[in-house]
Amino acid sequence: MNIYDLYLDKIKDIIIKINKDDLIKLPENLNGINVDIPPPNFNCDISTNVSMVLSKINKKTPLEIAEVLVKFIKQDDTNIENITVVKPGFINIKFKNYFWNNFVEKIITDHKNFGVNNKEKKKKYLIEFVSANPTGPLHVGHCRGAILGDVISNILIFNKHEVSKEYYVNDYGNQIINFTKSVFFRIKEILNNEKFPIENKDLYPGDYLIDIAKNIINNNKKLKFTNFDDVANDLTILSVAESLKLIKTNLQNLGIVHNKFSSETEIVNNNEVEKAIDKLKNKNLIYEGKIKAPKGEDDKNWIERKQLLFKSTEFGDDKDRALQKSDKSWTYFASDVAYHNNKLERNFDTLINILGADHAGYIKRITSVVEAMSGSKDKLICKVSQLVKLIKDDKPFKMSKRKGDYITVEDLISEVGKDATRFIMLNRSSDVELDFDFTKVKEKSKDNPLYYVQYCYARISSVFRHVNLDIKNDLNITKYNFNYSDAEIDILKKISEWPKCIEASSLRLEPHRIPIYLYELSSKFHSYWNMGKEDESKRFININKTISDDKLVFLKIISNTIKSGMNIVGVNTPEQM
RNA sequence: GCGCUCUUAGCUCAGCUGGAUAGAGCAUCGGUUUUCUAAACCGAGGGUCGGUGGUUCGAGUCCACCAGAGCGCACCA
């Protein structure tokens, strides 16, 4: 139940009706009209700007329009305690207790659907995220995008959409060859005591390769590791599989499970690249040509090559993009075009890609291709997650892939825990860089917003325990005839914002709004809890060691909302802390 | 040189697709435990929303220009 939409619809109905009676003129669209949360200290529950929007076309001041509308809004509405018109022309409405009782009853009897956005058309989404190269375990840099993608999926699923979570495995190309070679040298090191060529900058030096090498040796006794070219094919498959095993374990520890892993090699081998390029050829978007050096670039080092290009400039990109290398093998972009064609052929309504900030420059070309192939500009939405700045002992901590000294997801989780990792990574908008201070997160875990929200839930559970109820069970209440105090209504108002929070998160794919909302709700609850110290009537358990129905319902609603939000974030709500 | 993102309190950041008196946390200072969990609460100080113009009833939010920070810009993936 979304009380803001309820009144927005009502107000729109009213103005449409009195427009028909020629009492008022309407602008072309009514999108500017909203029903919102008023700032504190106005002593009202909801507020609308309708009279400001109608002011111009009617050539009347907002205050004059408001006076007319107020009459119609009040008419036959038993929910309204009073309605006032304020300064520029806001119409402020305060509800009767009766309204809040109704609200409470609705969301408690249908708690599973509270917050679900029913206005959205149910769609089929494909969300691609993580897609880290299968050359080793995940590190902290992958973590943010992974959690972002997972929680966006959770929000969409919460809103009853169909979602497929996918991982694109880049198991094709030079990096994989170098990776496989590295495994090969580690194997020779183990078997023949030949020193790993650490000076070769193309190789992967990380220690995890030793474990991968050991596993491969132990599980493949028949293979002979004498000549690289002889075992290259088998070893590539084995090495990638070992990497994916590590990655899947990392993801699982983060609480993330993908529905599908798509292999780049498979796409290339199935000739899907040719298929996709043919599609673009038919649209006259493929040609052989040369790319010019960008301005400002030293063009002495620039080698112009004739190659197969996609006309992404037709879609606003700054240059056309190469599909084929000079040795005629496909570029990464080419196989990604094929992968996106593959996605499109599986008939999803919307594709979402979660990318790291370092791949932001890639967005234009891939959205161009999808637009070209699908004919729709917003078929593919790319969401960028900015960098995570690691800080250790007040100093930035640089990760170096070369030296192999980077902090892995495993390190992170074993130090901070899955829940804190998820909550902290989400607590900021994905558009801004995130400071992740190891020493702080470790030392001051009590200042962690995660615990603040969990503690709220634990406090509520403790009340249920004291009166011999289980917080997990539904309540058995028939009469909703309560008289909530202002302090309680203040929290109910916050609860009423939950559907708005979900709507905004889902519409704009901004999951960070959820932890922030949960924090605010918890803050109000903690505040209320402490009032019980001064004011006996605000305590949940009374002198007879029982709890009144209104308080019980009140607590249940708060805990339901927190639980629901924490489920979306993907963290636990312990009943005791 | 070009593109993307950012600039809000001492620090880290919210600000719900243009609304009313711009909000939190941390830090600083001062308070609250015989009573449902103090992992909590209450209070105080702290602001030219990077700058300048523009759009309109109304701008932290939209547009233009400028300044600063980060990321990226070939056949890597």
Side-chain angles (χ1 to χ4, degrees), chain A residues 32 34 36-42 47 49 52-53 55-56 61-62 86-90 92 131-133 135 170 172-176 264 291 293-297 301-305 307 317-319 321-327 329 331-333 335-336 356-364 384 386-387 389 427-429 431-435 437 440 444-449 451-452 454-456 458-463 465-467 497 500-501 503-505 507-508 510 512-513 516-517 519-520 523 526-534 536 539-543 545 547 576-577:
Chain A
N34 56 42
D36 251 307
I37 305 145
N41 309 329
F42 273 93
S47 166
N49 66 347
M52 264 96 87
V53 177
S55 160
K56 196 176 182 182
T61 66
V86 182
K87 262 199 288 182
F90 289 101
N92 292 344
S131 298
N133 291 340
T135 55
N170 302 129
Y172 175 86
N174 290 328
Q175 291 203 7
I176 290 299
E264 184 180 359
I291 301 175
K295 275 178 193 167
E297 188 84 17
N301 300 329
W302 189 269
I303 308 156
E304 278 197 355
R305 304 180 185 88
Q307 52 195 169
D317 203 356
D318 20 321
K319 56 182 131 215
R321 302 294 173 174
L323 293 161
Q324 212 165 29
K325 302 182 201 170
S326 45
D327 67 357
S329 67
T331 61
Y332 171 78
F333 178 55
S335 54
D336 209 20
D358 51 342
H359 288 81
Y362 188 75
I363 292 176
K364 196 70 223 180
V384 174
Q386 290 299 321
L387 297 182
K389 258 194 297 186
N427 209 19
R428 302 267 110 104
S429 153
D431 287 336
V432 300
E433 285 188 15
L434 179 88
D435 282 357
D437 191 325
K440 254 189 189 165
K444 302 187 180 175
S445 63
K446 287 178 183 173
D447 288 336
N448 191 312
Y451 298 110
Y452 188 83
Q454 287 183 329
Y455 187 45
C456 176
R459 274 182 154 173
I460 295 173
S461 311
S462 101
V463 174
R465 256 196 322 276
H466 276 275
V467 294
E497 290 172 27
K500 247 176 150 33
C501 171
E503 187 181 337
S505 309
L507 209 67
R508 303 164 72 151
E510 290 179 346
H512 72 278
R513 289 166 192 279
I516 288 169
Y517 171 85
Y519 188 91
E520 287 167 356
S523 168
H526 286 310
S527 195
Y528 183 90
W529 179 282
N530 279 67
M531 286 179 197
K533 290 184 174 163
E534 305 266 314
E536 193 94 359
R539 293 173 60 80
F540 294 103
I541 298 170
N542 56 35
I543 315 157
K545 301 274 177 205
I547 184 168
Q576 255 171 305
M577 286 172 77

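Numbered from 1 within each chain, the chains take letters A, B, ... in sequence-line order.
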From [options], nucleotide with atom closest to [X] side chain:
X        : options             : answer
A:Ala504 : B:C13, B:A20, B:C16 : B:C16
A:Met52  : B:A24, B:U56, B:G19 : B:G19
A:Arg539 : B:U35, B:C13, B:A14 : B:U35
A:Phe540 : B:A20, B:C36, B:A77 : B:C36
A:Ser527 : B:C71, B:A77, B:C41 : B:C41
A:Val86  : B:A38, B:A20, B:C16 : B:A20
A:Ile37  : B:A38, B:C16, B:A14 : B:C16
A:Trp302 : B:A74, B:A14, B:A20 : B:A74
A:Lys533 : B:C36, B:A38, B:C76 : B:A38

With heavy atoms under 4.0 Å as the rule, sort [X] into base, sugar-phosphate or nothing.
X       : result
A:Ser55 : nothing
A:Asn49 : base
A:Pro62 : nothing

- Mind running side-chain contact (heavy atoms from CB on, under 4.5 Å) on A:Glu536 and A:Ile543 for me, showing each step along the way? CA-CA 9 Å; A:Glu536 193 94 359; A:Ile543 315 157; 4.0 Å; yes
Please state the [atom1] separation for the pair [N] and [M] - nearest whole angstrom.
N     : M     : atom1 : result
B:G30 : B:G72 : C1'   : 50 Å
B:A59 : B:G54 : P     : 12 Å
B:G19 : B:C63 : P     : 15 Å
B:G10 : B:G45 : P     : 15 Å
B:G46 : B:G3  : P     : 42 Å
B:A24 : B:A9  : P     : 15 Å
B:G31 : B:A22 : P     : 31 Å
B:C11 : B:U56 : P     : 36 Å

- Task: Go through the N and O atoms of the side chain of A:Asn530 and the base of B:A40, and report whether any donor-acceptor pair is under 3.5 Å.
- Result: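 Check passes, donor-acceptor contact within cut-off.
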- Query: Can you find a donor-acceptor pair, distance only, under 3.5 Å between A:Asp36 side chain and B:A20 base?
  - Reply: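 No.
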- Message: Applying a 3.5 angstrom cut-off to the pairing atoms, does RNA chain B sit in any stems of at least three consecutive Watson-Crick or G-U pairs? List them by first number.
- Response: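 The stems that RNA chain B takes part in, listed by first number, are B:1-7 with B:67-73, B:10-13 with B:23-26, B:28-32 with B:40-44, B:50-54 with B:62-66.
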How about [X] and [Y]: does a side-chain donor come under 3.5 Å of a side-chain acceptor?
X        : Y        : result
A:Ser329 : A:Asp327 : yes
A:Ser47  : A:Asp36  : no
A:Ser335 : A:Glu264 : yes

- Message: I'd like to check, for A:Trp529, whether its ring lies over the base of B:A40 with centroids under 5.5 Å apart and a plane angle smaller than 30°.
- Response: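 Stack criterion not met.
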- Planes under 30° and centres closer than 5.5 Å, is that true for A:His359 with the base of B:A77?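 So A:His359 counts as stacking on the base.
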- With sequence neighbours excluded, what pairs up with A:Asp435 under the salt bridge (charged side-chain N to carboxylate O under 4.0 Å, His left out) test?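 Partners of A:Asp435 by the salt bridge (charged side-chain N to carboxylate O under 4.0 Å, His left out) criterion, ordered by chain and then number, come out as A:Lys389.
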Rounded to whole angstrom units, what separation is found between the [atom1] atom of [X] and the [atom2] atom of [N]?
X        : N     : atom1 : atom2 : answer
A:His526 : B:G25 : NE2   : C1'   : 14 Å
A:Tyr455 : B:C36 : OH    : C1'   : 11 Å
A:Tyr452 : B:A38 : OH    : C1'   : 12 Å
A:Glu520 : B:G15 : CD    : C1'   : 9 Å
A:Lys364 : B:C73 : NZ    : C1'   : 15 Å
A:Glu503 : B:U17 : CD    : C1'   : 10 Å
A:Phe90  : B:G58 : CZ    : P     : 13 Å
A:Glu534 : B:C36 : CD    : P     : 15 Å

- Task: For A:Thr331 and for A:Val463, locate the closest nucleotide of RNA chain B by heavy-atom distance; then report the residue assigned to the nucleotide nearer the 5' terminus.
- Result: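 Result of the comparison: A:Val463.
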- Which sits closer to the 5' end of RNA chain B, A:Asn34 or A:Glu304, going by the nucleotide each is nearest to?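 The residue whose closest nucleotide sits nearer the 5' end is A:Asn34.
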- Would you please indicate if the ring centroids of A:Tyr455 and A:His526 are separated by under 6.0 Å?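 Ring centres of A:His526 and A:Tyr455 closer than 6.0 Å.
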- Without swapping roles, check the side chain of A:Asn427 against the backbone of A:Arg513 for a donor-acceptor pair under 3.5 Å.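 Between the backbone of A:Arg513 and the side chain of A:Asn427 there is no qualifying donor-acceptor contact (under 3.5 Å).
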- Kindly give the heavy-atom pair with the smallest separation between A:Ala322 and A:Thr331, and that separation in Å.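 The pair with the smallest heavy-atom distance is O-OG1, 3.1 Å.
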- Query: At their closest point, which heavy atom of A:Asp431 faces which heavy atom of A:Val384, and how far apart are they?
  - Reply: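 Minimum heavy-atom contact is OD1-O, 4.4 Å.
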Output one line per pair: protein atom, nucleotide atom from nucleotides 21-23 of chain B, and distance, for all N/O pairs under 3.5 Å.
unit_1	atom_1	unit_2	atom_2	d
B:U21	OP1	A:Lys87	NZ	2.9

Taking only nitrogen or oxygen atoms into account, show me every contact under 3.5 Å that the protein makes with nucleotides 43-45 of chain B, one pair per line with its distance.
none

- Query: Can you check B:U55 for me, syn or anti if syn means within 90° of 0?
  - Reply: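 B:U55: anti.
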- Output all residues satisfying side-chain hydrogen bond (donor to acceptor under 3.5 Å, both in side chains) with A:Tyr519, sequence neighbours left out; order by chain, then residue number.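 A:Tyr519 satisfies side-chain hydrogen bond (donor to acceptor under 3.5 Å, both in side chains) with no residue once adjacent residues are dropped.
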- Quick one: sort the A:Tyr332 and A:Tyr362 rings into parallel, tilted or perpendicular, breaks at 30° and 60°.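 If you compare the ring of A:Tyr332 with that of A:Tyr362, the planes turn out tilted.
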- Message: With a 4.0 Å limit, can you tell me whether A:Ser505 has a side-chain N or O closer than that to the phosphate oxygens OP1/OP2 of B:C16?
- Response: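 A:Ser505 to B:C16 OP1/OP2: no side-chain N or O under 4.0 Å.
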Contact list (N/O, under 3.5 angstrom) for nucleotides 2-11 of chain B vs protein:
unit_1	atom_1	unit_2	atom_2	d
B:U5	O2'	A:Asp431	O	2.7

